[in-house]
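Just so it is clear: chains get the letters A, B, ... in the order the sequence lines come, proteins before strands, and each one is counted from 1. Values reported hereafter were calculated over all heavy atoms of this structure, with side chains retained and with hydrogens, waters and symmetry mates removed. Keep in mind that what you see is a predicted model, and the values were worked out from it rather than measured.
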There are 2 protein chains.
Amino acid sequence: MENDAPQGTQAALIAAGLHLFGQHGFAATSTRDLAARAGTNVASIAYHFGGKEGLRRACLREVARRMQSVLSGADRVPDTPEAAARQLETMLRALVFFLTTAREAADLVGFMLREIGEDGPALDEIYQTLIEPRHRAVCTLWARATGQDPDSEEVRISVFAFIGQAIYFRIGRPIVERRMGWAAIGPAEAQKIVDRLTQHLRAILAERHAP
Amino acid sequence: MENDAPQGTQAALIAAGLHLFGQHGFAATSTRDLAARAGTNVASIAYHFGGKEGLRRACLREVARRMQSVLSGADRVPDTPEAAARQLETMLRALVFFLTTAREAADLVGFMLREIGEDGPALDEIYQTLIEPRHRAVCTLWARATGQDPDSEEVRISVFAFIGQAIYFRIGRPIVERRMGWAAIGPAEAQKIVDRLTQHLRAILAERHAP
DNA sequence: TGATTTCAATCAAACGATTGATTAAAATCC
DNA sequence: GGATTTTAATCAATCGTTTGATTGAAATCA
């Protein structure tokens, strides 16, 4: 598999694509805006990627490439329910901080959420590459922590709720900020969210493997 | 406040706007697509709404109008924590079913989520009209159920997580369907989600006002 | 080595198509 | 028949894409 990071004009166009596609959507972003932000000419898009749609796919590939280097290291499955619960807490913290504060990842997340929302053909690759393996891994952890069947519908739904609440703090960020009276979600605010969600997680897990 | 339901061509255009704006986004929807779906002429948009942007605002007004007739009846604040908890469960069930299965509401929800995502000027009205009062009401319930301060940051974050997990099952629906092996989220599937989220809710609330 | 050719890359300019908006005439309604 | 609504036709602007020219560095030749 090709894993080389694009360079030069290609990289600049992909960066512009991640930013503008994620911020305003694919259709609302013009090739001229892309070229201007990348500091190059409009024709470069067709030359390097075959067109605007090709740039979108290149952005998708870039997201996949950068993600698997960020979200790795949760492959080891703990032995005890307590260790599994601790690992879920660690994962929750990493997820919330990644979604809400990660400066470098802001464009990545924005682009991916937009891509999911537009329900395009890109969704297949996103799902198979990024979501399915992750979700399956968390299911294993969750099952270990609660003593349930990792392949059961119950566990899969619980994990979606678990991840979904974290994702909402990114999707509904402008709303959250307004309601919370926060100018922005920085590390301090993210920590408050993590603290609260961790309490919820512990309550849910505790009830599950109670006698 | 004007509360009359639009009729005729206006209603057809608003319905088309809710559907197409919600499905493909505002920028990706042309006035000709709108007119075709509404069974009228492009010029009708400018005539009735002053332009494409005016139709967007009219759609927003329609969402607000239809929402307050759907999500009403949670104004009475129960006396006991148990009653408040029960009301939260009822609200959760209504929310999940509304988000995932409501046939009539599919366009409404899609439009609103898209509007939030685009972070446009419409967000102010959405927030003040639909979200803030609702969120505040749920906070009151949550506080009553757990014995906390309804204005505390903790309660507000908990309520966002509570609502956010439900919303995710709508935003990430294509992903959820794929992972769950569901052809669609119908009443049966929605019930499974509700059952699971209700378990989570009970676990969280139980821990809160334990001795 | 020095001259020539090749090639990827970038640019300004222009293309046809489509966009949202506008106009005035035709149609419809009360 | 006067007011309201819908229509076809047209507008300038912008869209994504293509074109032909130009660049500079590597490759090839003499």
Side-chain angles (χ1 to χ4, degrees), chain A residues 2 4-62 107 111 114-115 117-122, chain B residues 2 4-62 107 111 114-115 117-122:
Chain A
E2 298 276 351
D4 302 341
Q7 292 179 348
T9 303
Q10 296 196 25
L13 277 172
I14 289 175
L18 288 174
H19 183 80
L20 294 176
F21 289 157
Q23 197 119 53
H24 311 110
F26 179 78
T29 303
S30 73
T31 52
R32 286 162 181 83
D33 290 339
L34 290 164
R37 175 164 249 266
T40 182
N41 191 272
V42 233
S44 299
I45 298 174
Y47 177 77
H48 285 289
F49 305 102
K52 190 182 174 186
E53 186 61 40
L55 177 56
R56 173 195 222 153
R57 282 193 298 269
C59 288
L60 193 66
R61 249 175 293 135
E62 179 67 10
D107 288 344
F111 175 81
R114 191 71 77 161
E115 209 55 44
E118 300 195 357
D119 204 356
Chain B
E2 297 276 351
D4 301 341
Q7 293 178 347
T9 303
Q10 295 196 26
L13 278 173
I14 289 176
L18 287 175
H19 183 80
L20 293 176
F21 290 158
Q23 198 120 54
H24 311 111
F26 180 78
T29 303
S30 72
T31 52
R32 285 162 180 83
D33 291 340
L34 289 164
R37 174 164 251 267
T40 181
N41 193 272
V42 232
S44 298
I45 298 173
Y47 175 76
H48 286 289
F49 306 101
K52 189 183 174 186
E53 184 62 38
L55 177 57
R56 172 195 223 152
R57 282 194 297 271
C59 288
L60 194 66
R61 248 175 294 136
E62 180 66 10
D107 289 345
F111 175 81
R114 191 71 76 161
E115 207 59 41
E118 300 194 358
D119 204 356

**Q.** Rounded distance in Å - CG (A:L13) to P (C:dA9)
**A.** 12 Å

Q. Mind checking what makes salt bridge (charged side-chain N to carboxylate O under 4.0 Å, His left out) contact with A:R61, not counting sequence neighbours?
A. none

(Q) So which atom in A:A27 and which in B:A28 form the shortest heavy-atom distance, rounded to 0.1 Å? (A) CB-CB, 3.4 Å

(Q) For chain A and DNA chain D, what are the first and last nucleotides along the strand, 5' to 3', with at least one atom under 4.0 angstrom from a heavy atom of the protein chain? (A) D:dC15 to D:dT19

Q) What is the distance, rounded to the nearest whole Å, between atom CG of B:L20 and atom C1' of C:dG20? A) 16 Å

**Q.** Nucleic acid contacts - residues 36-49 of chain A versus DNA chain C, non-hydrogen atoms under 4.0 Å
**A.** A:T40, A:N41, A:A43, A:Y47, A:H48

Q: Please identify each residue that fulfils side chain to side chain donor-acceptor pair (under 3.5 Å) with B:S30, with sequence neighbours left out.
A: B:D33

Q.
List the residues meeting side-chain contact (heavy atoms from CB on, under 4.5 Å) with B:T31, not counting sequence neighbours, and say none if there are none.
A. B:V42, B:I45, B:K52

Q.
List the residues meeting side chain to side chain donor-acceptor pair (under 3.5 Å) with A:N41, not counting sequence neighbours, and say none if there are none.
A. none

Q: Under the side chain to side chain donor-acceptor pair (under 3.5 Å) rule, collect the residues that match up with B:R114, sequence neighbours excluded.
A: none

Q) Out of A:L20, A:I14, A:D107, A:L13, which one pairs with A:C59 under the side-chain contact (heavy atoms from CB on, under 4.5 Å) rule? A) A:I14

Q: Among residues two or more places apart or on two chains, list those pairs meeting ring-ring contact (aromatic ring centres under 6.0 Å, His included) that have a residue in residues 22-55 of chain B.
A: B:F21-B:F26

(Q) What is the separation between atom CG on B:D33 and atom C1' on C:dT19, rounded to the nearest whole Å? (A) 11 Å

(Q) Strictly below 4.0 Å: does B:S30 bring a side-chain N or O up to OP1 or OP2 of C:dT19? (A) yes

Q: State whether the side chain of A:T29 and the backbone N or O of A:G25 hold a donor-acceptor pair below 3.5 Å, judged by distance alone.
A: yes

Q | Whole angstrom value for the distance that separates C1' of C:dC11 from CG of A:L34 | A | 17 Å

Got a list of protein N/O to nucleotides 28-30 of chain C N/O distances below 3.5 Å?
none

Q | Any pair counted as salt bridge (Lys or Arg N to Asp or Glu O under 4.0 Å), so long as it reaches residues 8-27 of chain B, sequence neighbours left out | A | none

Q.
Could you work out, with side chain to side chain donor-acceptor pair (under 3.5 Å) as the rule, every residue matching A:R37, not counting sequence neighbours?
A. A:H19

(Q) I need the CD-C1' distance between A:Q10 and C:dA8, as an integer number of Å. (A) 11 Å

Q) Nearest-Å distance, CZ (B:R32) to P (C:dG20)? A) 7 Å

